[in-house]
Amino acid sequence: MTIYFVAGEVSADNHGAALMRSLRVLDPELKFIGRGGPQMQQIAGAQFKNWIGDAAVLGLWEVLRKYGYFREQFRQTLNEIQESKPDAVVLIDYPGFNLRLARALRRQWQRHKTIYYISPQVWAWNRGRIKRMAHFIDLVLCIFPFETDLYAASGLRAVFVGHPMIERLETQKIDAHRDQNLIGLFPGSRSREVRKIFPVMIEAARRLLQLNPTLHFQVAAASEELAREMSEQLADGQAIKITVGQTATIMQRAFAGMVASGSATLEAAYFGMPFVLIYKVAWPTYVAARLVVNVDFLGMPNLLAAKEVVPEFIQHEAKPDAIVKAVRLLMEDSPARDRMISDFDAITSKLGGTSASERAAQAILEELQTGAPSTTR
């Protein structure tokens, strides 16, 4: 059997590679084709396209600037699937591209299963879209427990498999003591995020240092390129250390942190690091998001807890003085720290533990054994 994958971001490449490994354990004869990142390519082989560097963009404005590129990639992807005739197409996150692709594939009446892994968070910005998804997706593999009921209510088959992040983080645990003077900074994994968010973190760090000269700061950079960009933003002599590939280590050593909204917030919760959430995007993107997003919180820990566990500083509210006040509370108020850490334990316990990739792989193979895809239109 042949499975065509589409993953468009670094995190999806991680999850896709883990899923491929689990599928191969269950069926060593499976053939993998499609597009994703270097980890998936390493498993699938040279014929698998690594497009992550160009495909991973953030926000409405950034996507519009690359509209011609994405239109061409969309056309190529449709052609590749039509020519290869896979038994299943597995779409991993990346909803702006993948949901349109799923709809286009079903209109072509292609005889393969369409499976969505890392289910799109349409419950946050367009719940009405779930019912439409039931017409062109055969199975959704959910990573959050509340998602299955939302999809099932619209007639879309959904299975909770757990969050694949947990199995990766489990291997990154270290025996470390927290440094009471260390604050971790996690400004995001994309250049545009860093340019918006890191200056706010720098200024908050400067003011914190004025209040407590014993503090020191460590930044987790997602790549050498981002580390260079961040270094250019620092003033001479500024006491902020930038490291690459040390996110898990810093989260286990830092006493508190500042974290950009995204998957890093769940990582911080898993490692029990008290933090504040910061997020800024281009104003056109922010305004567009405000018009469609229908959730009470931006951070996933807060959404899972259905309350504000982590203070959120979004867009114009991301002011250094407010951030400094919230960070100091986490550094100095033991009951506040303990409450947040206790809430983190409750949140991460809902994510299904390890083996999410194995459960997802089993669900995919079971779906492939059920026969032809849905013909609902």
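Computed from a prediction, not measured in an experiment: that's the story for all the values here. Hydrogens, waters and symmetry mates play no part in the numbers below; they use all other heavy atoms, side chains included.
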Strictly by modelled atom types, are Glu167 and Ser357 linked by a side-chain donor-acceptor pair under 3.5 Å?
-> yes
Taking salt bridge (charged side-chain N to carboxylate O under 4.0 Å, His left out) as the test, write out the residues that go with Glu358, two or more places apart.
-> none
Any salt bridge between Arg195 and Glu232, counting N to O under 4.0 Å?
-> no
Whether Arg206 side chain and Met201 backbone form a donor-acceptor pair below 3.5 Å = no
Would you call Val89 and Ile115 a side-chain contact if the rule is heavy atoms closer than 4.5 Å?
-> no
State whether a side-chain donor-acceptor pair under 3.5 Å links Thr249 with Arg253.
-> no
Compute the ring centroids of Tyr270 and Phe344, then answer whether they are less than 6.0 Å apart.
-> no
Quick one: do the Thr214 and Asn181 side chains pair a donor with an acceptor below 3.5 Å?
-> yes
Classify the side-chain pair Lys196/Gln315 by whether it contains a donor and acceptor separated by less than 3.5 Å.
-> no
Trace of the side chain to side chain contact (heavy atoms under 4.5 Å, CB included) decision for Phe313 with Val276 = CA-CA 8 Å; Phe313 299 95; Val276 300; 3.9 Å; yes
Can you tell me if Tyr4 and Glu80 form a side-chain donor-acceptor pair at under 3.5 Å?
-> yes
Is the distance between the ring centroids of Phe144 and His163 under 6.0 Å?
-> yes
Has the side chain of Arg100 got a donor or acceptor atom that lies under 3.5 Å from a matching backbone atom of Gly96?
-> yes
So Lys280 and Glu193, salt bridge (charged side-chain N to carboxylate O under 4.0 Å, His left out) or not? Walk me through it.
-> CA-CA 7 Å; Lys280 293 187 74 173; Glu193 285 180 311; over 6 Å; no
Sequence neighbours left out, what passes side chain to side chain contact (heavy atoms under 4.5 Å, CB included) with Asp149? Give chain and number order.
-> none
Taking the side chain as C-beta and beyond, is there a heavy-atom pair between Val219 and Lys241 under 4.5 Å?
-> no
Test Phe97 against Trp51 for ring pair (Phe, Tyr, Trp, His ring centres under 6.0 Å), laying out the working first.
-> CA-CA 13 Å; Phe97 187 94; Trp51 73 324; 5.3 Å; yes
Do Phe5 and Phe32 pass the ring pair (Phe, Tyr, Trp, His ring centres under 6.0 Å) test, and can you show the C-alpha distance, the side-chain angles, and the key distance before you say yes or no?
-> CA-CA 7 Å; Phe5 289 86; Phe32 301 141; 5.4 Å; yes
Indicate whether the side chain of Asp93 and that of His15 have a donor and an acceptor atom separated by less than 3.5 Å.
-> no
Starting from the C-alpha separation in whole Å, work towards a yes-or-no answer on salt bridge (charged side-chain N to carboxylate O under 4.0 Å, His left out) for Asp321 and Arg207.
-> CA-CA 8 Å; Asp321 283 341; Arg207 298 185 190 190; 2.4 Å; yes
Have Gln73 and Arg35 got a donor and an acceptor in their side chains that come within less than 3.5 Å?
-> yes
Cut-off 3.5 Å, side chains only: do Thr370 and Lys113 have a donor facing an acceptor?
-> yes
Reported OG1-to-CD distance for the pair Thr247 and Gln252, which is rounded to 0.5 angstrom = 11.0 Å
Looking at Arg157, Arg106, His112, which one forms a side chain to side chain donor-acceptor pair (under 3.5 Å) with Asp138?
-> Arg106
Check the side chains of Gln233 and Glu229 for a donor-acceptor pair under 3.5 angstrom, ignoring hydrogens and angles.
-> no
dist Ile81:CD1 -> Thr114:OG1 (nearest 0.5 Å) comes out at 8.0 Å
CG (Asn212) and CD (Glu332) are apart, to the nearest 0.5 Å, by 7.5 Å
Residues Arg339 and Asp333 bridged, charged N to O under 4.0 Å | no
Could you check if a side-chain atom of Tyr117 sits within less than 4.5 angstrom of a side-chain atom of Pro164, using non-hydrogen atoms only?
-> yes
In terms of side-chain geometry, is the basic nitrogen of Glu72 or Arg75 positioned less than 4.0 Å from the acidic oxygen of its partner?
-> yes
Between the main-chain N or O of Ala44 and the side-chain N or O of Gln47, is there a donor-acceptor pair closer than 3.5 Å?
-> yes
